[in-house]
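Side chains included, hydrogens not; waters and symmetry mates left out as well; all remaining heavy atoms used. Both ligands and their constituent atoms are indexed starting at 1 by order of listing. Every value quoted in this text rests on a predicted model; they were computed, and no experiment measured them.
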Amino acid sequence: MFKELRQEIKGMITKVNIPVDNRLQQICNLLKESIPYYDWVGFYFKNGDKDELKLGAYAGEPTDHAIIPFGKGICGQVALSDKNFVVPDVKAQDNYIACSINVKAEIVVPLFVNGENIGQIDIDSNTPDPFTTEDERFLEFVNQEVAKIL
Ligand code: SME
């Protein structure tokens with residue numbers, strides 16, 4: 001599954017005539033539709049000079065959390081740690097921002113441009129403990145591809 005998706009992502013990234021935001025939207029849609037346990041897929045980016053994240057393209061239910069201060073929730077922690085954050089059970093997290101009562105697990109992978117953490121991809125799952133190191137490697141790949149067009 002991930003092998004084919006890698007090729008599709010590469011194809012989407014190279015469509016230079018499509019605006020970047022639309023390409024990010026296509027990637028969110030592709031991941032949400034192709035991977036059964038990806039129920040919400042979105043990109044957050046550092047909001048200008050502010051120490052906060054702003055929601056960019058996403059696929060899934062709308063969220064109230066379009067702005068997340070650095071340090072808050074799983075996303076805000078990744079903005080500071082520069083590290084992947086895999087959450088098998090969101091109920092076990094103290095510093096967690098709930099977007100939907102259906103969400104059981106989450107993975108957030110930072111996105112680097114020239115070595116700088118400028119955002120992240122965030123996946124919510126309604127399935128408990130679904131993420132493996134394969135998801136981490138795949139989402140790192142997605143972010144490396146996206147970094148090429150930012
Ligand atoms: N759960 C995230 C907030 C973003 S929503 O999942 C879309 C967090 O704790 O940072």
Side-chain angles (χ1 to χ4, degrees), residues 1-2 5-6 8-9 12-13 18-113 115-150:
M1 173 171 71
F2 287 127
L5 285 174
R6 278 179 156 88
E8 287 192 64
I9 301 275
M12 285 177 172
I13 290 291
I18 299 176
V20 167
D21 284 347
N22 296 31
R23 282 183 267 170
L24 295 184
Q25 185 64 56
Q26 287 182 352
I27 289 170
C28 291
N29 295 346
L30 176 72
L31 297 193
K32 181 175 180 292
E33 295 316 317
S34 309
I35 305 175
Y37 54 93
Y38 284 19
D39 293 293
W40 190 94
V41 178
F43 289 97
Y44 282 94
F45 295 102
K46 182 171 163 63
N47 191 12
D49 291 342
K50 298 182 189 157
D51 283 342
E52 65 182 30
L53 294 161
K54 186 176 179 202
L55 183 60
Y58 70 93
E61 293 290 309
T63 172
D64 290 339
H65 304 287
I67 298 283
I68 299 178
F70 281 14
K72 300 279 185 214
I74 308 304
C75 296
Q77 291 177 77
V78 169
L80 296 175
S81 72
D82 302 345
K83 299 253 182 344
N84 296 350
F85 200 152
V86 182
V87 181
D89 173 10
V90 295
K91 286 206 175 69
Q93 293 293 322
D94 294 331
N95 190 356
Y96 168 72
I97 303 166
C99 282
S100 151
I101 52 160
N102 299 320
V103 174
K104 301 279 197 302
E106 178 162 5
I107 182 170
V108 179
V109 173
L111 197 163
F112 300 98
V113 173
E116 189 187 345
N117 180 351
I118 59 100
Q120 51 194 239
I121 190 166
D122 176 18
I123 318 289
D124 283 340
S125 182
N126 300 343
T127 304
D129 194 8
F131 302 116
T132 69
T133 51
E134 273 201 80
D135 294 275
E136 289 191 69
R137 297 298 87 79
F138 172 64
L139 295 170
E140 287 163 2
F141 166 85
V142 171
N143 282 354
Q144 281 159 19
E145 288 297 311
V146 168
K148 294 177 183 171
I149 59 170
L150 294 179

Q. Do Tyr38 and Asp135 have side-chain atoms, one donor and one acceptor, less than 3.5 Å apart?
A. yes

Q: Just jot down the ligand 1 atoms closer than 4.0 angstrom to any heavy atom of Asp122, in number order.
A: 4 (C), 5 (S), 6 (O), 7 (C)

Q.
What protein heavy atom lies closest to atom 7 (C) of ligand 1? Include the residue and the distance to one decimal.
A. Cys99 SG, 3.0 Å

Q: If you have a sec, work out which protein heavy atom is nearest atom 3 (C) of ligand 1 and how many Å separate them, to one decimal?
A: Ile97 O, 3.6 Å

Show which side-chain atoms of residues 85-96 pair as donor or acceptor with protein atoms under 3.5 Å away, not counting sequence neighbours.
from	atom 1	to	atom 2	distance (Å)
Asp89	OD1	Lys91	N	3.0
Asn95	OD1	Gly73	N	2.7
Asn95	ND2	Gly71	O	2.9

Q: Could you check Leu5 against Ile35 for side chain to side chain contact (heavy atoms under 4.5 Å, CB included), going step by step and ending with a plain yes or no?
A: CA-CA 10 Å; Leu5 285 174; Ile35 305 175; 3.7 Å; yes

**Q.** Heavy atoms from other residues, nucleotides or ligands near CD of Glu136 exceed 12 (cutoff 6.0 Å)
**A.** yes

Q) Is there any N or O on Glu106 that sits under 3.5 Å from an N or O of ligand 1? A) yes

Q. Is ligand 1 less than 4.0 angstrom away from at least one heavy atom of Tyr44?
A. yes

Q: Under 4.0 Å, heavy atoms only, figure out whether ligand 1 is touched by the backbone of Trp40, its side chain, both or neither.
A: side chain

Q. Under 6.0 Å from the NZ atom of Lys104, do we count more than 12 heavy atoms belonging to anything else shown?
A. yes

Only pairs under 3.5 Å count here: list side-chain donor-acceptor contacts from residues 140-150, not counting sequence neighbours, and write none if there are none.
from	atom 1	to	atom 2	distance (Å)
Glu140	OE1	Arg137	NE	2.9
Glu140	OE2	Asn84	ND2	2.8
Glu140	OE2	Arg137	NH2	3.1
Asn143	ND2	Val109	O	3.0
Asn143	ND2	Pro110	O	3.0
Glu145	OE1	Lys148	NZ	3.4
Glu145	OE2	Lys10	NZ	3.1
Glu145	OE2	Lys148	NZ	2.8

(Q) How far is atom 6 (O) of ligand 1 from the closest protein heavy atom, and which atom is that? (A) Asp124 OD2, 2.8 Å

Q: May I ask which of Ala98, Cys75, Ala79 has a heavy atom nearer to atom 10 (O) of ligand 1 than the others do?
A: Cys75

Q: Considering only non-hydrogen protein atoms, determine which one is nearest to atom 8 (C) of ligand 1 and report residue, atom name and distance to 0.1 Å.
A: Ile74 N, 3.2 Å

Q | Residues Asp82 and Asn117: side-chain donor-acceptor under 3.5 angstrom | A | yes

